[in-house]
Amino acid sequence: MKTNLSRRAFCASALLVTRLRGMSIPKIKDVSVITTQPAGVRLVVVKITTDQDGLYGYGCATFTQRADLVVDAVNLYLKPFLLGRPTDAIEDLWEAMYNSSYWRNGPVLNNAISGVDQALWDIKGRQAGMPVYELLGGKLRRGAMIYSHAAGREIPEVMDQARQIMAKGIKVVRLQVGIPGMAAYGAAQTGAHTVTPGEIQDDVFEPGPYARRTLELFAAGRRELGPEIEILHDVHERLPPRMAVQFAKDLEQYRLFYLEDALSPENIDYFKQIRANCTTPLAMGELFNNPHEWQSLIKEGLIDFIRVHVSQAGGLTPSRKIAMLAEQFQVRTAWHGPGDVSPIGHCANVTLDLVSYNFGVQEWTFPSDKLLEVFDGYPVVKDGYVYANEKPGWGVEINEKAAAKYPFGAETGPRKPLNGGWGVVRRADGTVINQ
Ligand code: GCO
Ligand code: MG
């Protein structure tokens, strides 16, 4: 009895809105998933088609290590749930999807919800004939400052890459260097040891050699690249907490723009100790899926940059709220922007960068030709700033025929059987560590 009443009231108000607006509210006619890996990384994009000809939208749902599970979450659970519903009720649908699984805040379901959420914002922008940033109150800045990655097996290689990046007018550079005989994050591997002869080869990493070599890297960075360039580094949660406190302190002299993921989500309590021991700016968040992970860090001012992966948080709708919370506590944004974010996701990042007063920096991945063959409308970078493409919605069109040319499964080598997933990283004694 009660449900029918609210559904009837809901439809009646929709009719009233249609009459008042003089245009009908589109309904969700189909929900489909585009999977492609033109740049070798598995990307997942949700497409929502409406009952109005030519009106559809795209959203990023990329969780590359478990991409197929996100596809199933959309097809098996969100599609039947969404068909026939109005596309304009974005917040309502977000809450409905979020609560529909009862258990919530996980990487697979959040990415599936994100794909739908971002597609609905795309539809609303296309309907309004405006870029999504206009729907969020318009630009606070013309473009968003980016950072780019300089990496190499040896320090001189990293310095050369950094100079090339600086020559393009880019003002912030991430520095990562390999560790001889080990598997460092963000830099070319220099030969993995096998822990147990004859068994599967797992990567080996030792925190001591990594920390010492990275300190040499930043000494060289300041010496060779000068005091002005902003430099940053990603620990990728590879240090035991006590060492992370020491490392952040030892790096203080090199005036980093920020130090990222010095701790794993499981050890965020140690941020208090890093704060108590040094002034190195701290960034965290790409691994967060649950509001409890970011709220206390932001409210207690234990980080300076929030680095959430927008689709891992559930899309544009929740990420906007994270940005607004962070603004109240002087925490700036640095949305996660690696190669395992689709071009749609990069557009969502840039949109948030332009409309959030507390914008900090945007991690940027430059597109390959194959990626541009599939995705048209990738935001453009000029003199170290990325600009919106100024087209309605996200302004991205997908060539689905080209997307089909790059199906999942192109991985080679020991990763092939892992379906885009990652292997294992171990200490020299065989202990498994965070990736
Ligand atoms: C970064 C990240 C990435 C992640 C990757 C996981 O700062 O860009 O740490 O490199 O490791 O996105 O799939
Ligand atoms: Mg990172």
Side-chain angles (χ1 to χ4, degrees), residues 37 39-44 60-70 107-108 110-111 114 146-152 161 165 170 172-178 183-189 203 205 210 214 230-239 244 247-248 256-265 267-268 281-289 293-294 297 303-313 332-343 345-346 348-349 353 360-367 371 386 408 411 415 418-425 433-435:
Q37 61 178 108
V41 178
R42 296 184 177 212
L43 304 176
V44 180
C60 185
T62 300
F63 173 18
T64 200
Q65 289 85 352
R66 298 288 181 271
D68 295 312
L69 300 184
V70 177
V108 171
N110 277 6
N111 273 278
S114 165
I146 65 158
Y147 77 85
S148 194
H149 300 172
Q161 271 198 23
I165 290 171
I170 295 172
V172 190
V173 184
R174 186 182 86 169
L175 305 180
Q176 309 281 145
V177 69
Y185 160 73
Q189 314 289 356
D203 288 345
F205 176 90
Y210 154 72
T214 305
E230 299 285 5
I231 47 181
L232 60 89
H233 180 73
D234 190 346
V235 178
H236 219 257
E237 53 162 4
R238 293 268 183 113
L239 289 176
F247 188 58
L256 271 62
F257 187 80
Y258 66 56
L259 183 65
E260 175 182 340
D261 289 2
L263 298 165
S264 67
N267 294 321
I268 52 177
L282 301 169
M284 182 82 185
E286 68 184 56
L287 280 165
F288 291 167
N289 298 108
E293 293 174 304
W294 56 75
L297 285 181
I303 56 172
D304 304 285
F305 294 86
I306 184 73
R307 284 257 310 135
V308 164
H309 183 111
V310 168
S311 67
Q312 289 286 354
R332 292 186 279 166
T333 68
W335 307 104
H336 195 221
D340 50 314
V341 169
S342 76
H346 287 297
N349 284 350
D353 297 340
V361 71
Q362 180 58 59
E363 177 180 21
W364 198 248
T365 301
F366 288 92
L371 194 76
V386 61
F408 283 1
E411 292 85 1
R415 286 260 179 102
L418 304 180
N419 289 323
W422 284 7
V424 182
V425 179
I433 60 169
N434 294 128
Q435 299 259 358

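Note that ligands are numbered from 1 as they come in the structure, with each ligand's atoms numbered from 1 the same way. These numbers were taken from a predicted model, which means no experiment stands behind them.
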Applying ring pair (Phe, Tyr, Trp, His ring centres under 6.0 Å), can you list everything that pairs with Phe63, at least two apart in sequence or on another chain?
none
Sphere of radius 2.8 Å around the Mg ion (ligand 2) - protein N, O or S atoms inside:
Asp234 OD2, Glu260 OE2, Glu286 OE1
Can you list the residues that meet the ring pair (Phe, Tyr, Trp, His ring centres under 6.0 Å) rule with His233, with sequence neighbours excluded?
Tyr210, Phe218
What are the two closest non-hydrogen atoms of Ile433 and Phe205, and how far apart are they?
CD1-CD2, 3.5 Å
For His149 and Gln161, test the side chains for any donor-to-acceptor distance below 3.5 angstrom and give the result as yes or no.
no
Non-hydrogen atoms closer than 4.0 Å to ligand 1: which protein residues do they belong to? List them by chain and number, please.
Gln65, Arg174, Tyr185, Asp234, His236, Glu260, Glu286, Arg307, His336, Pro338, Asp340, Glu363, Trp422
Here's a test for you: under side chain to side chain donor-acceptor pair (under 3.5 Å), which of Gln362, Gln312, His309 qualifies with His336?
His309
Atom of Leu259, atom of Leu256 and distance for their closest heavy-atom approach
CD1-CD2, 4.1 Å
Should Asp234 and Glu286 be marked as a side chain to side chain contact (heavy atoms under 4.5 Å, CB included) after you check the CA-CA gap, both sets of side-chain angles, and the distance that decides it?
CA-CA 11 Å; Asp234 190 346; Glu286 68 184 56; 4.2 Å; yes
NZ or CZ of Arg42 within 45° of Phe408 ring axis and under 6.0 Å:
yes
For Asn111 and Ser311, does a side-chain donor sit closer than 3.5 Å to a side-chain acceptor?
yes
